Amino acid sequence: MDKYSFLNAAHTSFFAEMYDRYLTSPDSVEPSWRAFFQGFDFGLESQLDELDVRPSSNGTTALVNGAEVAVPQSLQKEFKVIRMINGYRSRGHLFTKTNPVRERRKYAPTLDIGNFDLEESDLDTVFDAGNIIGIGPSSLRKIEAHLKRIYCDAIGVEYMYIRTPERIQWIQNWLNVNDNHPSFSSDEKKNILRKLNEAVSFESFLHTKYVGQKRFSLEGGESLIPALDVIIEKAANAGVKQFVMGMAHRGRLNVLTNIFGKSPKDIFSEFDGKDYEETIFDGDVKYHLGWTSMRETDTGKMVNMNIAPNPSHLETVNSIVEGITRAKQDSSHQGNISEVLPILVHGDAAFAGQGVVYETVQMAKLDGYTTGGTIHIVVNNQIGFTTNYLDARSSTYCTDVGKVTLSPVLHINADDAEAVVHAATFALEYRMRYKRDVFLDLLGYRKYGHNEGDEPKFTQPLLYKSISKHPNPRDIYAERLINEGIIDKDYVKKLEAEYKKELEEDLLDSRKIEKTRITAFMQDEWEGFSRVTEEAMLSTIDTSYDIGKLDGVAGKITQLPQDKKFLRKLERLVQGRKKMYFEDNRLDWAMGELLAYASLIEEGFDVRMTGQDIERGTFSHRHAVIKTEMHEEEVVLLNEMGEHQKGTFHIYNSLLSEYAVMGFDYGYAMASPNTLTIWEAQFGDFSNGAQIVIDQYLSAAEDKWKLQNGLVLLLPHGYEGQGAEHSSARMERYLQLCAKDNMYVADVTTPANLFHLLRRQMKAKFRKPLVVFTPKSLLRHPKVVSTKEEMANGSFAELIDDVAVKPSEVKSLVFCTGKFYYDLLAKREEEKRMDVALVRLEQLFPLPAEQIRSTIKKYNKAEEVVWAQEEPRNMGAWGHLLMHLDEARNFRVASRRFYGAPAAGSAVRSQRRHNEVIEYVFDKTKDNFIRK
């Protein structure tokens, strides 16, 4: 035992600090000390009788590395106090005063000193452990009181699961200042009160003037307004230039007015339900609209403020905001991504229940999606519509998803305005220092039902009995400031009267406006772009590219670095690309695609591609990222183009998500119209995991919110016997969403047409979403090739006529699309049926109806017009043709029968059905399969 005799001589504060370090991060302690503490571990979940610790005359004996070590009684007590401190740090949040309208749930064990093997007689004993929490050697009584103020008052803090000791230490130091209680000046307190008054008065004004109208009031969570205000003011002083915010409908109008500076006059006009100025714009409800403004802070700094438009689908906007933020960081703030700050405001039920929350949180530290940390604020009503929180989640807190990224979570009593502002300040400082996410959970309530016309007492009578008697946060805080002598009793009345006078003036002005004007979101980013109709979308756009430049970029993307070693297969692949361009002049699908990107980059556009396995490509065709054999160093030839490199190529394999990833890329395209932004599905039908983004943003945003967007979806599609889930990209669903001028949909069949299609997306002076059904088997099909001249000199062809037949000899005119064309072509060549013309419809929307009619007229000797598709009758493009082309009613349809699943699971059955359709295309008497 001589080895540990120093335990009796050394100062206990030394061991206390060492043990505290061990509890926080065992690996940060020197190995011999770690061995000692492991033998004498008073960890939270352990009890003394579970350890090999025995009493002795000197205190206790611990078994350390097989040796008995005498631990003095005084040191043992210090360790117990440290264990108590650690208990407060880890579990103090369970025993806070954070619920303003009802008692908290009870948790065990409690933080009573007896649960740490301490006694009442120890309360006045002085312990060096007080040093750990910044108060110096102190009595147990004082240490306990200090811990209660830090961890068990109006703010509960979760952070001990963080695995970085430096971050834990920073948090503890921050909390130790003023016992985790703010020390605001009189002016700061008056400013908090002013923002609370604005929040409360705005809601009461609307409640009076627009009785019964839905506004999704913030009442019960008004402290959100001073929280956001302090974040913006302090962030601007810390160097933030732009804010991007997302939130659902509750409290949104309040935030728009009192944080973003949207004129109440405009909001009142929206409440009055007036029609819109523009006839080509359908609009949306007032609490879904986006807004962009410039705000001057109290210190004179100008900041750009953006609140993204959102649908009623809660939490969908999260990934949209992150994408917008990343685009702004990439385009204007590459030197300091902290200059753009994303803020997401959530509801408690949605935050716990919606899977997109988890998907978005998982993006936080990924190279392709990180935004340098997001401040998440949950306005916690403790209820979801009519569902109690106990029925809404299994986790303790709605914010437990924050622990996935080891982010600190603060739970705050929303009635305590100073605590809320204090926590908001913490969140900002943490984000700016560590560039990581942070979560604030504002525990409040919802004064009315889900909307102002709903009766909440039907389902929560006791809760709403309590809420009906509960004062609002402004009045609670005003009473506090009166007691502190900072304001008098008339101060709030004066504030409210002045603010409501301004609102009355705005209301009168709004009634003079005949029609509502909706301001487009992020107008600065869209300067030079115009909204267009279907006619302009069908006009030819010059997508040609100088052949000399094409030779130049082709040389760069078909040359591996000479000083690096690659797999032989990759070397052969790149050499093969060089040969197909410079010798054979037969360019496959991958070359058509890569040359499109290279040409756009040479012209100064950026390209961003993401999706599952996109760097190589699901079907191993792209190989945009090539890795060295020995060190897996990444080489991106599209970023190695030397004098041709005017833009940048960004490509990232995504996490295994569709919903959040497509949302992110939609947001990116929204904020960066000069970047070709592409999301590719692993298989086309996997995109239905992002159906909410497709329905609410991709297809409808321009109608609802005046938002243009050029996001490209690449969706592998084609029937090759791979079963129900790997055949169809669900073409019919996208086509059903098509209307007027809302998007492009294409199913191209040649590398050259793909080249021009992608270039058109950037060369146009407008932006529309583009959905492309891309091939699988055609990626290496010997007939699916183009020449470099077709790329340099051509343009996108919405329809490709059959140049191999003589129109006067054609008896059957067949329209088809995509890969099925090559199946039909093989059959025609096999049977030498040159009386059948195969015409490819390359663009499905806007439908080139006039070109179709001209083609029908050209083949005026044909006895029939056939629509041929490999999809079942109730799927594919047939229904779309019936809606958009009157002539289609007279077409003979060759397709699979009606089916619930897109394709058969049996490869044999699938091939049989496929062949039956092909036979029927060429011989209308072979229709037995239709009647079966």
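From a predicted model like this one, the values you see are computed outputs, not experimental measurements. Side-chain atoms are counted along with the backbone in the values below, which use heavy atoms only and exclude waters and symmetry mates.
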Practice task
Sequence neighbours left out, what pairs pass ring pair (Phe, Tyr, Trp, His ring centres under 6.0 Å) with at least one residue falling in residues 588-621?
Solution key: Tyr597-Phe649, Phe619-Phe683
Exercise for the section: Count the heavy atoms of every other residue, nucleotide or ligand shown that sit under 6.0 Å from CZ of Arg892, and state whether that count exceeds 12. Expected result: yes
Exercise for the section: Identify the residue among Lys763, Lys788, Glu602, His756 that makes a side chain to side chain donor-acceptor pair (under 3.5 Å) with Tyr545. Expected result: Glu602
Exercise for the section: Identify the two heavy atoms, one from Ala536 and one from Ser539, that lie closest to each other, and give their separation to 0.1 Å. Expected result: O-OG, 2.6 Å
Practice task
May I ask you to check whether His914 and Phe820 place their ring centres under 6.0 Å from each other?
Solution key: yes
Exercise for the section: Only one of Val836, Ile918, Val917 passes side-chain contact (heavy atoms from CB on, under 4.5 Å) with Leu824; say which it is. Expected result: Ile918
Handout entry: Considering all heavy atoms, the nearest Tyr734-Ala729 contact
Key = CE1-O, 3.6 Å
Exercise for the section: Could you check whether the rings of His717 and Tyr719 sit parallel, tilted or perpendicular, using 30° and 60° as the cut-offs? Expected result: perpendicular
Fill in the blank from the handout: Ala746 and Leu757 have their tightest heavy-atom pair at CB-CD2, 3.8 Å
Fill in the blank from the handout: Contacts satisfying salt bridge (charged side-chain N to carboxylate O under 4.0 Å, His left out) that involve residues 872-881 (not counting sequence neighbours) are none
Problem - Ionic contact status for Lys924 with Asp927, cut-off 4.0 Å - result: no
Exercise for the section: Might you point out which heavy atoms bring Asn653 and Ile614 nearest each other, and give the distance in Å? Expected result: OD1-N, 2.9 Å
Handout entry: Glu919 and Asn915 side chains, donor-acceptor separation under 3.5 Å
Key = no
Exercise for the section: Decide whether a cation-pi geometry holds between Arg608 and Tyr668; the criteria are a distance under 6.0 Å from NZ or CZ to the six-membered ring centre and an angle within 45° of the ring axis. Expected result: yes
Practice task
Kindly indicate whether a cation-pi arrangement holds for Arg833 with Phe922, taking the cut-offs as under 6.0 Å to the six-membered ring centre and within 45° of the axis.
Solution key: no
Practice task
May I ask you to decide if Gly647's main-chain N or O and Gln645's side chain share a donor-acceptor pair within less than 3.5 Å?
Solution key: yes
Handout entry: Partner residues of Tyr744 under the ring pair (Phe, Tyr, Trp, His ring centres under 6.0 Å) criterion, sequence neighbours left out
Key = none
